[in-house]
Amino acid sequence: MTDVQRVGVIGCGLMGAGIAEVCARSGLDVVVREIDDAALAAGRARIEASAGRALASGKITQEQHDAALGRLTYTTELTDLADRDLVVEAATENPDLKIALFAELDKVVERRDAILASNTSSIPIARLAQATGRPGQVVGLHFFNPAPVQKLVEVVESILTDPRTTARARAFADERLGKTTIVAPDRSGFVVNALLVPYLLSAVRMVEAGHATAEDVDTGMTLGCAHPMGPLRLCDLIGLDTLLAIAESLHQEFREPQYAPPPLLRRMTEAGFLGRKSGRGFYAYQP
Ligand SMILES: CC(=O)CC(=O)SCCNC(=O)CCNC(=O)[C@H](O)C(C)(C)COP(=O)(O)OP(=O)(O)OC[C@H]1O[C@@H](n2cnc3c(N)ncnc32)[C@H](O)[C@@H]1OP(=O)(O)O
C-alpha cells in the first residue's frame with residue numbers, strides 16, 4: 001500500500017500539468033510550483049483545459065472534475081512543498097537547473113523519507129540524487145505524454161536508490177495513479193526513449209533528405225503500422241526542444257550515430273518551431 005497523500009509537482013509545462021492532473025484526479029492533495037505568476041497561470045489553464053476535456057468526453061463527472069480541481073494549489077514558492085510525501089520534478093530538461101532544484105528540495109521537504117522524484121527523460125537520476133543529502137530517496141518517475149492518457153510510468157532506479165524507495169514509487173504509480181510501471185535502468189533513454197528516439201530521428205532525417213513529406217511519413221506509419229500517430233506528429237507532441245535534449249543526451253552517453261540529432265531538428269528548435277506548444281513544428285497548430 002502506498003503512504004503517499006500529499007504530492008508536489010515542480011513545473012507546470014506539458015508534463016508537469018499532466019502529472020498534476022493525474023494526481024488530483026486520483027484523489028491526492030497536490031501543490032503545483034512554477035517559477036513565476038505567468039508560468040503558473042499558463043500551467044493552471046493547461047490543467048483546467050485538459051480536465052474540461054475529460055469532462056466533456058464523459059470520462060469524469062462534473063463532481064469529479066470540480067473535486068479534482070479543488071485538490072490543486074498553485075504557488076511560486078518552493079517552501080510550500082515542505083509537507084509533501086512525494087515531489088515530482090518536471091522542470092525543463094536542463095541539468096544545472098534540476099541539480100539546483102534537488103539541492104533546494106532536500107532543504108525544504110521535511111519528511112525525511114519523502115520520495116523525491118524526477119520526470120526527467122535524459123538526466124541521470126544518480127546525478128540528481130547526489131545533489132541531496134538523501135540519495136536513497138531519489139528516483140525517476142517518467143510519465144508519457146499526454147500523461148492523463150498514457151498508461152505507462154517508467155520507475156528509474158539509480159545505483160543510489162534505496163530499493164524500498166523504488167517499491168514505494170511503484171506502489172504509488174500502480175495503485176494510486178492506476179498506471180502500469182516498469183523498472184528502467186538509470187541510463188540515458190531508459191527503456192522507451194532508447195527505442196523510440198532513433199525511430200523519430202530517422203523520420204526527421206527522411207524529411208530532411210527529401211525522401212518523403214512529413215504527411216506521407218505519418219500516413220505511412222499510422223495506416224501501415226497502426227500507430228496512433230505518425231512520428232513527425234509525435235515529434236510535435238513531445239516538443240522539438242525536448243526531443244533534441246533527449247537525443248543529445250543519448251548521443252553523449254552512447255556516441256552512436258543513430259542518436260545524433262539531425263541538423264533540421266536543431267534548426268527548427270533554434271527557430272522556435274517547437275511543435276504543438278509553440279503553434280508550429282512539422283505542422284501548424286491553432287493556438
Ligand atoms: C519524450 C518522452 O520522454 C516520453 C514521451 O512522452 S514519448 C510520447 C508518448 N506518447 C505517444 O506516443 C502518443 C501517441 N499518440 C496517442 O496516444 C494519441 O494519438 C493521442 C492520445 C495523443 C491522441 O489520440 P487521438 O485519438 O488521436 O485524439 P483524441 O480523440 O483527441 O484523443 C483521444 C483521447 O485522449 C485524450 N487526450 C488527447 N490529448 C490529450 C491531452 N493532451 N491531455 C489530456 N487528454 C488528452 C482525449 O480527451 C481523448 O479522450 P476520450 O477518448 O476519452 O475522448
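Starting from 1, each residue takes its place in the sequence as its number. Keep in mind that what you see is a predicted model, and the values were worked out from it rather than measured.
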**Item:** Pair listing, side chain to side chain donor-acceptor pair (under 3.5 Å) test, anchored in residues 140-156, at least two apart
**Value:** His142-Glu154
**Item:** From Asp85, Val139, Asp113, residue fulfilling side-chain contact (heavy atoms from CB on, under 4.5 Å) relative to Arg168
**Value:** Asp113
**Asked** Transitively linked via ILVMFWY side-chain contacts under 4.5 Å: Val153 with Leu196?
**Response** no
**Request:** Kindly give the heavy-atom pair with the smallest separation between Thr76 and Asp37, and that separation in Å.
**Result:** CG2-OD1, 3.6 Å
**Prompt:** With a cut-off of 6.0 Å (strictly less than), are more than 12 heavy atoms of other residues, nucleotides or ligands near CZ of Arg205?
**Reply:** yes
**Asked** Rounded to the nearest 0.5 Å, how far apart are CG of Leu264 and CD of Glu208?
**Response** 5.0 Å
**salt bridge (Lys or Arg N to Asp or Glu O under 4.0 Å) involving Arg266 - partner list, sequence neighbours excluded** = Glu248
Could you give the side-chain donor-acceptor pairs of residues 220-241 under 3.5 Å, partners two or more places apart or in another chain?
from	atom 1	to	atom 2	distance (Å)
Thr222	OG1	Asp218	O	2.9
Thr222	OG1	Thr219	O	3.3
His227	ND1	Tyr199	OH	3.3
Asp236	OD1	Phe282	N	2.9
Asp236	OD2	Phe282	N	3.1
Asp236	OD2	Tyr283	N	3.0
Asp236	OD2	Tyr285	OH	2.6
Asp241	OD1	Lys277	NZ	2.9
Asp241	OD2	Lys277	NZ	3.2

**Message:** Hydrogens and angles aside, do Arg176 and Ser26 bring a side-chain donor and acceptor to less than 3.5 Å of each other?
**Reply:** no
**Prompt:** Would Leu201 and Gln258 count as a side-chain contact (heavy atoms from CB on, under 4.5 Å) if you check the C-alpha gap in whole Å, the side-chain angles of each, and the deciding distance to 0.1 Å?
**Reply:** CA-CA 8 Å; Leu201 299 181; Gln258 61 171 338; over 6 Å; no
**Message:** Tell me the closest heavy-atom pair linking Val32 and Leu40, and the distance in Å.
**Reply:** O-CD1, 4.0 Å
**Asked** Pro198 and Tyr259: which non-hydrogen atoms are nearest, and at how many Å?
**Response** CG-CE2, 3.5 Å
**Message:** Using a 3.5 Å distance criterion without hydrogens, assess whether the side chain of Thr161 forms a donor-acceptor pair with backbone atoms of Pro163.
**Reply:** no
**Prompt:** Listed by chain and number, what are the side-chain contact (heavy atoms from CB on, under 4.5 Å) partners of Gln252, not counting sequence neighbours?
**Reply:** Arg255
**Request:** Can you measure from CG (Leu81) to OG1 (Thr75) and round to the nearest 0.5 angstrom?
**Result:** 7.5 Å
**Request:** Mind checking the CD-OG1 spacing from Glu175 to Thr181? Nearest 0.5 Å is all I need.
**Result:** 9.5 Å
**Asked** Hey, mind stepping through Phe172 and Leu177 against side-chain contact (heavy atoms from CB on, under 4.5 Å) and telling me if it holds?
**Response** CA-CA 7 Å; Phe172 166 71; Leu177 304 185; 3.7 Å; yes
**Request:** Could you grab the distance from atom OG1 of Thr165 to atom CD1 of Ile115, nearest 0.5 Å is fine?
**Result:** 6.0 Å
**Request:** Applying salt bridge (Lys or Arg N to Asp or Glu O under 4.0 Å), name anything that partners Glu253, two or more places apart in sequence or on another chain.
**Result:** none
**Request:** With the side chain counted from C-beta on, respond yes when Val155 and Ile182 share a heavy-atom pair under 4.5 Å apart, and no when they do not.
**Result:** no
**Asked** So which pairs with a foot in residues 50-60 pass salt bridge (Lys or Arg N to Asp or Glu O under 4.0 Å), sequence neighbours left out?
**Response** none
**Prompt:** So does Glu256 have more than 12 non-hydrogen atoms from other groups sitting under 6.0 Å from CD?
**Reply:** yes
**Request:** With sequence neighbours excluded, give me every side chain to side chain donor-acceptor pair (under 3.5 Å) pair touching residues 94-107.
**Result:** Glu89-Lys98, Glu93-Lys98, Asp106-Arg134
**Item:** ILVMFWY cluster, Ile35 and Leu101 together (side-chain gap under 4.5 Å)
**Value:** no
**Prompt:** According to a 4.5 Å side-chain heavy-atom criterion applied to Ile, Leu, Val, Met, Phe, Trp and Tyr, with indirect links allowed, do Leu116 and Leu141 form part of one hydrophobic cluster?
**Reply:** no
**Message:** Quick check: closest heavy atoms across Val156 and Pro185, and the distance to 0.1 Å?
**Reply:** CG1-O, 3.8 Å
**Hydrophobic cluster identity match, Val88 and Leu152, side-chain contacts under 4.5 Å** = no
**Asked** Could you give all pairs that pass the side chain to side chain donor-acceptor pair (under 3.5 Å) test and reach residues 185-195, with sequence neighbours left out?
**Response** Ser188-Ser249
**Message:** Tell me every residue that passes salt bridge (Lys or Arg N to Asp or Glu O under 4.0 Å) with Arg84, counting only those two or more places apart in sequence or in another chain.
**Reply:** Asp29
**Prompt:** Salt bridge or not for Arg267 and Glu270, using N-O below 4.0 Å?
**Reply:** yes
**Item:** Intermediate values then yes/no, side-chain contact (heavy atoms from CB on, under 4.5 Å), Leu105 and Val87
**Value:** CA-CA 9 Å; Leu105 260 185; Val87 177; 3.9 Å; yes
**Asked** For the atom pair OG1 (Thr79) and CZ (Arg33), what is the distance rounded to the nearest 0.5 Å?
**Response** 9.0 Å
**Request:** Please answer whether the main-chain N or O of Val30 pairs with a side-chain N or O of Arg6 as donor and acceptor at a distance below 3.5 Å.
**Result:** no
**Prompt:** Roughly how far, to the nearest 0.5 Å, is CD of Glu77 from CG of Asp80?
**Reply:** 6.0 Å
**Request:** For Ile159, look at atom CD1 and say whether over 12 heavy atoms of other residues, nucleotides or ligands are found less than 6.0 Å away.
**Result:** no
**Request:** Compare every heavy atom of Ala184 with every heavy atom of Phe190, then report the nearest pair and how far apart it is.
**Result:** CB-CB, 3.8 Å
Taking distance alone, no hydrogens or angles, what donor-acceptor pairs closer than 3.5 Å link side-chain atoms of residues 65-74 to residues at least two apart or in another chain?
from	atom 1	to	atom 2	distance (Å)
Asp66	OD1	Gln62	NE2	3.1
Arg71	NH1	Ala24	O	2.6

**Item:** Pairing residues for Arg164 by the salt bridge (Lys or Arg N to Asp or Glu O under 4.0 Å) criterion, not counting sequence neighbours
**Value:** Asp162
**Complete:** Shortest non-hydrogen pair, Val138 vs Phe102, comes out as CG1-CE2, 3.9 Å
Distance-only check: which donor-acceptor pairs under 3.5 Å involve side-chain atoms of residues 9-23, not counting sequence neighbours?
from	atom 1	to	atom 2	distance (Å)
Glu21	OE1	Ser50	OG	2.5
Glu21	OE2	Arg25	NH1	2.7
Glu21	OE2	Ser50	OG	3.4

**Message:** Would you say Ile125 ends up clustered with Leu160 if hydrophobic residues are merged whenever their side chains have heavy atoms under 4.5 Å apart, either directly or through other cluster members?
**Reply:** no
**Message:** Does Gln137 form a side-chain contact (heavy atoms from CB on, under 4.5 Å) with Thr132? I'd like the steps, not just the answer.
**Reply:** CA-CA 9 Å; Gln137 308 302 123; Thr132 73; over 6 Å; no
